[in-house]
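Inspection log for the structure reproduced underneath, given as structure tokens.
Order of listing sets the numbers, starting from 1, for every ligand and every atom in it. Since this is a predicted model, take the numbers as computed values, not measurements.
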Amino acid sequence: MSASRYGDARHFGAHAPEVEERLALLAEASRVLADASLEPPAVMDRLCALVVPLLGAACTLRLLSEDGLWLRTVASAASTPEARLLFQTLSPPAVRADEGPSHEVLRTGEALWVPDSDPKELRRLVPPQQHGLLADFPFTRLMVLPLRARGRSLGTLTVWKDPAAAQPVEAGEQLLLQELADRAALALDIARLYAAEKQARQAAEVAAGRLARLQRVTAELSQVLSAERVAEVIVEQGVEAVGAARGALWRLEAGNARLLRCTGYEDPRSFMEAFGVLPLEGRTPMTEALLEARPVWLESPEELSDRYPEVDEQRHRVVRKPAPASVCLPLLVEGRALGVLLFAFSEARVFDPDERAFLELLAHHGGQAVARARLLEQEQRSRAELAEANERLAAIIQASPASILLVDMDGTVRMWNPAAERIFGWKAEEVLGTVLPVVPEGKHEEFRRNLEKAGRGESLGGAVMHRKRKDGTPLQVALWTALVQPAAGGPEQVLSMAVDVTERQRSEAAQRFLAEAGGVLATSLEQEETLERVAQLAVPSYAECCGLFLADEDGAVKCVAAAHASAEYHAMDGQPSPGLLVVARVVASGEAELRTGLSEDAPECVRPPDAGGCCAWLCVPLQVRGQTLGALSFVTSRRDYDAQDLALAQELARRAALAIDNARLYREARQAIRLREEFLSIASHELKTPISALQLQVHSLLTSLKRSPSGVTPERLERALGVVDRQVKRQTRLIHELLDVSRISAGRLELSPEPLDLVMLVREVVERFEPELERTGTRLELQLAPEAAGLWDKLRIDQVLTNLVSNAMKYGRGNPVLVVMTTGEATVRLEVRDGGIGIGEEHLSRLFHRFERAVSERNYGGFGLGLWISRQIVEAMGGHITVRSELGVGSTFSVELPRTRG
Ligand code: ADP
């Protein structure tokens, strides 16, 4: 369209167009409006071009603001450039819609003719340099028309008329203007609808695109497990989804934000170094988003540099082309930020609400995924810890030296460890699911009570209980229990741990037994009573029958103490089992004997009819100082004795032997003391007797000599001197005996062997006794071998013979004495027999001991040393001396000597 077609603008604006012109104008309007693109500005401009200059000198098209308060100028036209200048000055970019003529027009939907304005008022409105223009274009007459479409006014069209026109606006012209305005309004409305529809379509497309991207991200996130992978998906997919150039994700860890993933950076390493770990106290958009739990939108580089100058500076060092816009989105879960997501855009931008909402939604999903990953990590960690703890626990249970069992409240076994297999003998597969088989007969009630107690939370803490092994052997265990509540619900169970304390109990019992026995043994030195009590101690805890046997001087063994659980326990010989045969063997060998696994008909042991089962016995020697004093025997039908029982019996025997020995030594010491005291009184008496006799003889001789020296006849003198000689000899012999005692006791008995014929020596000694024999009227007979040669100490043999012959005379009651000598190839045997008082059996064994005498010192003198010295001499020569005697009948002392030794 060109203005020239309609001629001069001032001319056209001044005159109302003709009908043809109007029709042409309307046709043109229809064409251009239809022709024009549907963009609203284009519609407006074309409308103005139709109005000016043909229908007015200038026009303004105003559209209502969305809130309906303002009318904004969207297009205007003026007939000349000058007019446009003035017109722009007079026409403000927006006028209020609720006042003035526009308000009226909008309200009624009818055009309004505004009467002439006051020119003075106009002058006031424009600057002075435009006053000239006012003369040419006195915009004083105008018409305001509504832009009507679909029953509402979209705005106004204001047309200034040329003031030169005769009529303000004729009706036809007004109609034409209104027609144009309405057509333009319709076009505008359509354009608007079209634009709105296009925008809506575009928005829908964007939204759909975003939705699709979001769906992709969430779908992927839903499969992601680790935090690193979550970060990867959110960052990589997110950057693509939101059209960002770069992205990064930090996770909150131990008071810092740690970078998990970044993408789009030319130098990710330096980015990592600069922003890898963000302390929360530092001021960055990321930490602010984290701490304040809200997004930080940065739409331009200036905004970033204003708000975070430090980050901006740092960013410029790290990133070659810093992004002009970015957003930091906290990854929120239940109001708490777990991390922060950064998207940086390559252009400054305004984040519209939709985009913001989308980004926040993305961050929301990211937050959920991070939380899920964290939960998963935690769960995996706790699963791993649990698995480790379980493994450790299983290892402990497997390696435990104590049995560990789990039983239901009805006693059904649910767990059975290797130690339980070792202790009780049942394999796990044999007991699992069955009722605990280790409880012995008679203990089931106690077991049930203990389970009930455990059920009430009263656990056992090491109580000692009786149990049995698979092979039936009893055992004692220390038991600990605890109630277990299964985590997965279900009925309660009892955990029990047991340690086999059979051996410990046994050794404690053994210690107690030995301590008790020690006490008993220490109470008295009277052995009979003590031994009886020791035997009783062993019954019934160790034996049903216990016997204590001692050997006498001749080695004969006899039972001195016994205890029985039942009197029916004995051996076939009536002695405590296993009988004298076994005991004698043990005493002889000094070796303990142990028999186990005996059947009921074992001959060593007679048992009561109801004592079935196996039977075992033990016999241990009572030994002390290398001597076997006797033996101790034990019999049981309850179990087999073992090495421990043997050790206990041996220990008891050792202690008992010591006590017996002590008692013996004590008795002997007392006896020795008694003998020594007797000896001292005898010795003083014995030593005094010859001296008294001597004194008497000497005194009587002296008295006779004083009275009459010639009165002492040679016979009297000889008799007196004979007595003196005998008494001196007796005294000398006594002193020699005493000297021999000290010599022998000190081990200084020295022998001087020489070749000797013993027959000669016997004759010599007997000859020496002749005066005595004669005096006492005793007959002495000799039955001697022709010769008895050997190597002997003559004086010592003389001493032995003298002692035996003198005793035979002394205790012989004057009956004949017989000295018999027989010889063997290597030995010589000498016997001195008398028919005297004899010796009581009780004295026989001790006759050769020091100071031992079988007679009272009142009747017979003597130290009680002669036989002891004789024995020492004979034994020192390798021989031996014995006695056979019968009280009141006589005695025979025998000496046997080897020929070759002196
Ligand atoms: P003693 O000096 O008392 O005779 P011995 O040692 O020679 O001392 O004798 C010890 C005891 O043995 C005597 O006290 C006496 O009781 C007894 N005895 C010795 N020889 C005879 C005998 N031939 N007949 C009877 N008893 C005797």
Side-chain angles (χ1 to χ4, degrees), residues 553 671-672 674-690 726-727 729-745 749 762 765-766 769 772-773 776 778-782 796-820 830-876 880-895:
E553 302 255 313
Q671 171 82 349
R674 186 180 57 73
L675 287 175
R676 193 187 59 197
E677 278 164 4
E678 268 178 29
F679 166 73
L680 286 175
S681 75
I682 294 167
S684 54
H685 171 75
E686 284 293 302
L687 288 171
K688 231 173 83 191
T689 312
R726 276 203 309 280
Q727 295 308 328
K729 277 186 182 150
R730 187 175 173 196
Q731 188 79 356
T732 308
R733 192 168 60 82
L734 288 172
I735 289 169
H736 272 135
E737 278 188 357
L738 287 176
L739 284 174
D740 276 344
V741 170
S742 57
R743 212 175 282 140
I744 292 167
S745 300
L749 178 67
V762 171
V765 170
V766 169
F769 272 96
E772 186 75 14
L773 292 166
T776 55
T778 308
R779 197 159 52 84
L780 189 142
E781 197 180 320
L782 290 172
R796 288 299 180 189
I797 298 279
D798 188 322
Q799 192 180 349
V800 172
L801 284 172
T802 305
N803 184 40
L804 293 181
V805 174
S806 94
N807 277 352
M809 287 171 63
K810 190 165 150 191
Y811 303 109
R813 294 190 293 191
N815 290 327
V817 174
L818 176 63
V819 178
V820 181
L830 184 85
E831 281 186 4
V832 180
R833 292 183 202 156
D834 64 65
I837 60 170
I839 304 159
E841 203 188 331
E842 71 277 16
H843 296 297
L844 279 178
S845 62
R846 309 192 55 82
L847 215 56
F848 294 99
H849 289 198
R850 228 177 341 179
F851 311 128
E852 286 289 348
R853 307 178 80 240
V855 291
S856 104
E857 75 271 16
R858 284 200 197 122
N859 303 326
Y860 297 94
F863 283 167
L865 286 170
L867 283 179
W868 179 72
I869 293 169
S870 297
R871 179 177 154 199
Q872 301 302 314
I873 291 169
V874 170
E875 286 182 354
H880 53 264
I881 181 166
T882 53
V883 60
R884 293 194 310 280
S885 184
E886 201 176 330
L887 206 57
V889 176
S891 312
T892 301
F893 285 86
S894 308
V895 173

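- Looking at Asp740 and Gln799, their side chains do bring a donor and an acceptor atom within 3.5 Å of each other.
- Atoms of ligand 1 found under 4.0 Å from any heavy atom of Asp834 (numbered from 1 in listed order, with element): 22 (C), 23 (N), 24 (N).
- When non-hydrogen atoms are compared, ligand 1 lies under 4.0 Å from the backbone of Leu867 as well as from its side chain.
- Contact record, His880 with Val874: N-CG1, 3.3 Å, taken as the closest heavy-atom pair.
- Contacts with ligand 1 closer than 4.0 Å are made by side-chain heavy atoms of Lys810 only, the backbone lying farther away.
- Considering backbone and side-chain atoms together, Gly866 places an N or O closer than 3.5 Å to an N or O of ligand 1.
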Test side chain to side chain contact (heavy atoms under 4.5 Å, CB included) on Val766 and Leu801 and set out the steps. CA-CA 9 Å; Val766 169; Leu801 284 172; over 6 Å; no
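- In terms of the side chain to side chain donor-acceptor pair (under 3.5 Å) criterion, Asn807 has no residue partners (sequence neighbours excluded).
- Which of Phe893, Phe848, Trp868, Tyr811 comes nearest to atom 13 (C) of ligand 1 through a heavy atom is settled by distance: it is Tyr811.
- Ligand 1 has no atom lying under 4.0 Å from any heavy atom of Gly836.
- Of all heavy-atom pairs spanning Val832 and Ala808, the tightest one is CG1-CB, 3.8 Å.
- Here's the thing with Asn807: one of its N/O atoms is less than 3.5 angstrom from an N/O atom of ligand 1.
- Considering only residues two or more places apart in sequence or on other chains, Ser894 meets the side chain to side chain contact (heavy atoms under 4.5 Å, CB included) condition with Arg829, Glu831, Thr882, Arg884, Thr892.
- More than 12 heavy-atom neighbours from other residues, nucleotides or ligands sit within 6.0 angstrom of CZ on Arg674.
- Close contacts of ligand 1 with Leu847, meaning ligand atoms under 4.0 Å from a residue heavy atom, involve 12 (O).
- With a 4.0 Å heavy-atom cut-off, ligand 1 is reached by no atom of Val832.
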